[in-house]
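Have a look at the structure below before the remarks.
Because only heavy atoms are used, hydrogens play no part in the values below, and waters and symmetry mates are left out as well, while side chains stay in. Positions are given from 1 along the sequence.
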Amino acid sequence: MRLAVVDVGSKTVRLVVADCGGDIPLPVHTAKRRLRLAEHVGPDGRLGERAVDAVVAAVAEVREESARWGVEQPFAFATAVIRDAPNRHQILEAVHGGTGVPLYVMSGVTEGELSFLAARQWMGWQAGPMVLLDIGGGSLEVAFGRDRTPGFVASLPLGAGRMTREYFGEADPPPAGAVRELRRRVRHELRDVAVRIHWERPRTAVAVSRTFQQLARLCGAPPGKLGPFVTRRIERGDLKAAVERLALLPAAARAELPGISAARARQSLAGAVIAHTAMRCMEIETLTLSPWGLREGVMLRQIREQAPLWHEAPADMRRTDPSGALPSLTRSPSGRRGRPGERVVKDVVTREG
């Protein structure tokens, strides 16, 4: 069996095609198209017409590429930048109408759940009780579990792109006061999550996402060209020094540093501040990077359930539930979000019993 996943994020549209004859996805082809959607978000969170057209064109291109690799209909999903847009319904309709590919909106809780699933598969059971951190453009996910899937997931509006816009604006580099205000915001948002993680006492702390990959390289981890089987870690002390270094530099100078790409240079400082503050709040000294994350989690779920990830027709996907939350990939046919034994409160899921 061959599967393809399309991930529409704040910076890129990424395609992964993998053979899934066994229990794990083995990638045979990857591709990406740069979008930088976060740079086209209006004051109210809307994406403009040019940005929507760019999403449609990128999805159309990667669908053609997916077909050349043997998958006519890839599974396409979007994360925070589209999930939070007031005009998300129009964006989804434009993509479906322009490409024939239904674009599903993934909740932050589902992002955390599937990223944890992938990281657990990669790290193995020797990791023991495990906490996972995932910084995206629009949100931060924290997940904890002792099993294959997490027993606790929180999704917080602390993405690197979002915090750059809200706290730094056009300042380059931003004033020290803005960096302090961002730290204070992260501590405030994480206070309840940090208490839970302290209580759980994880044995291993794992990070996924491009933000953490670039920060790891900046902190001295081996480069990506050495492959996924090289261990990469971030030490909290090294990350603190990286924050201090990034805070003094404009974006153009940050892009010259190891691991920091020009496309992510502006938001690299916010990402570093979020990561370091989260490590401090949760008393994490070392993060181990997992090369598997959200996209691999989507594939693992498809392999193991042998069924479509979405239980509803695309038209139903465009409706919100009574609480105002968008349906997630764990949405059951009965309409509730989450699984039996779980309690859903805002963007936090905990498993009871």
Exercise. With R120, which residues qualify under side chain to side chain donor-acceptor pair (under 3.5 Å), at least two apart?
Worked result: none
Exercise. Does some side-chain heavy atom of L218 sit less than 4.5 Å from a side-chain heavy atom of L239?
Worked result: no
Problem set entry | Heavy-atom pair of closest approach, residues H29 and A31 | NE2-CB, 3.9 Å
Exercise. Going by an N to O cut-off under 4.0 Å, is there a salt bridge joining K240 and E235?
Worked result: no
Exercise. Any side-chain heavy atom of V131 within less than 4.5 Å of one from T204?
Worked result: no
Exercise. Would you call V101 and H96 a side-chain contact if the rule is heavy atoms closer than 4.5 Å?
Worked result: no
For this session: List in chain and number order the residues that pass side chain to side chain contact (heavy atoms under 4.5 Å, CB included) with V16, two or more places apart in sequence or in another chain; answer none if no residue qualifies.
Result: T30, R295, M299
For residues 47-59, tabulate all N or O donor-acceptor pairs below 3.5 Å that involve a side-chain atom, not counting sequence neighbours.
none

Exercise. Would you find a donor on one side and an acceptor on the other, under 3.5 Å apart, between the side chain of S209 and the backbone of I135?
Worked result: yes
Seminar exercise, completed: Correct closest heavy-atom pair for A275 and L215 would be CB-CD1, 4.0 Å
Exercise. What residues, two or more places apart in sequence or in another chain, satisfy side chain to side chain donor-acceptor pair (under 3.5 Å) together with D238?
Worked result: none
Exercise. What residues, two or more places apart in sequence or in another chain, satisfy side chain to side chain contact (heavy atoms under 4.5 Å, CB included) together with A270?
Worked result: M163, T164, F168, L182
Seminar exercise, completed: Residue pairs meeting side chain to side chain donor-acceptor pair (under 3.5 Å), one or both in residues 165-178, sequence neighbours left out, come to E166-R185, Y167-R185
For this session: Just grab all the side chain to side chain donor-acceptor pair (under 3.5 Å) pairs involving residues 14-23, residues at least two apart or on different chains.
Result: R2-D19, T12-R14
Problem set entry | Residue pair L287 / V206, side-chain heavy-atom distance below 4.5 Å | no
Exercise. Aromatic ring centroids of F75 and Y104 under 6.0 Å?
Worked result: yes
For this session: Quick one: list whatever passes salt bridge (charged side-chain N to carboxylate O under 4.0 Å, His left out) with R184, sequence neighbours left out.
Result: E181
For this session: Only one of L294, V153, L133 passes side-chain contact (heavy atoms from CB on, under 4.5 Å) with S115; say which it is.
Result: L294
Exercise. Are side-chain heavy atoms of R232 and T288 found at a separation under 4.5 Å?
Worked result: no
For this session: If a pair satisfies ring pair (Phe, Tyr, Trp, His ring centres under 6.0 Å) and one of its residues is in residues 191-230, list it, with sequence neighbours excluded.
Result: W122-F229
Exercise. Of all residues at least two apart in sequence or in a different chain, which pass the side chain to side chain donor-acceptor pair (under 3.5 Å) check with R280?
Worked result: none
Exercise. Does R233 use its side chain to pair, donor to acceptor, with the backbone of T286 at less than 3.5 Å?
Worked result: no
Give the table of side-chain donor-acceptor pairs shorter than 3.5 Å for residues 248-263, with sequence neighbours excluded, one pair per line with atom names and distance.
residue : atom : partner : partner atom : Å
R254    : NE   : L246    : O            : 3.3
R254    : NE   : L249    : O            : 3.0
R254    : NH1  : A265    : O            : 3.0
R254    : NH1  : R266    : O            : 3.2
R254    : NH2  : L249    : O            : 3.1
S261    : OG   : Q214    : NE2          : 3.1
S261    : OG   : R264    : N            : 3.4

For this session: Check for a donor-acceptor pair, side chain of R203 on one end and backbone N or O of Q126 on the other, with a separation under 3.5 Å.
Result: yes
Exercise. Quick one: does L103's side chain get under 4.5 Å of V6's, heavy atoms only?
Worked result: no
For this session: Heavy atoms only: give me the nearest A4-V17 pair and the separation to one decimal.
Result: CB-CG2, 4.0 Å
Exercise. Is there a donor-acceptor pair closer than 3.5 Å between any side-chain N or O of R46 and the backbone N or O of A85?
Worked result: no
Exercise. Do E72 and R63 sit within salt-bridge range, that is, some charged N less than 4.0 Å from a carboxylate O?
Worked result: no
Exercise. Taking only residues two or more places apart in sequence, or in another chain, which ones meet E141 in a side chain to side chain donor-acceptor pair (under 3.5 Å)?
Worked result: S139, S155
Seminar exercise, completed: Closest non-hydrogen atoms of C219 and I234, given as atom of the first, atom of the second and distance, are SG-CG2, 4.4 Å
Exercise. Can you tell if the side chain of W125 reaches within under 4.5 Å of the side chain of D147, non-hydrogen atoms only?
Worked result: yes
Exercise. What heavy-atom pair brings V186 and A278 nearest, and what distance separates the two atoms?
Worked result: CG1-N, 4.5 Å
Problem set entry | Interatomic spacing from CG in D134 to CG in L114 - rounded to 0.5 Å | 11.0 Å
Exercise. Can R183 and T277 be counted as having a side-chain donor-acceptor contact under 3.5 angstrom?
Worked result: yes
Exercise. Is the backbone N or O of R301 less than 3.5 Å from a side-chain atom of R304, with the two atoms forming a donor-acceptor pair by type?
Worked result: no
For this session: Determine yes or no for a side-chain-to-main-chain donor-acceptor pair under 3.5 angstrom, with E64 supplying the side chain and E61 the backbone.
Result: no
Exercise. Does the T99 side chain pair with the main chain of A60, one donor and one acceptor, at a distance under 3.5 Å?
Worked result: no
Problem set entry | Close side-chain approach of Q121 to L300, heavy-atom, < 4.5 Å | yes
For this session: Over all heavy atoms of both residues, which pair between V62 and L15 is shortest? Give the atoms and the distance, please.
Result: O-CD2, 3.7 Å
For this session: Would you please say whether a donor-acceptor pair under 3.5 Å links the side chains of R162 and Q267?
Result: no
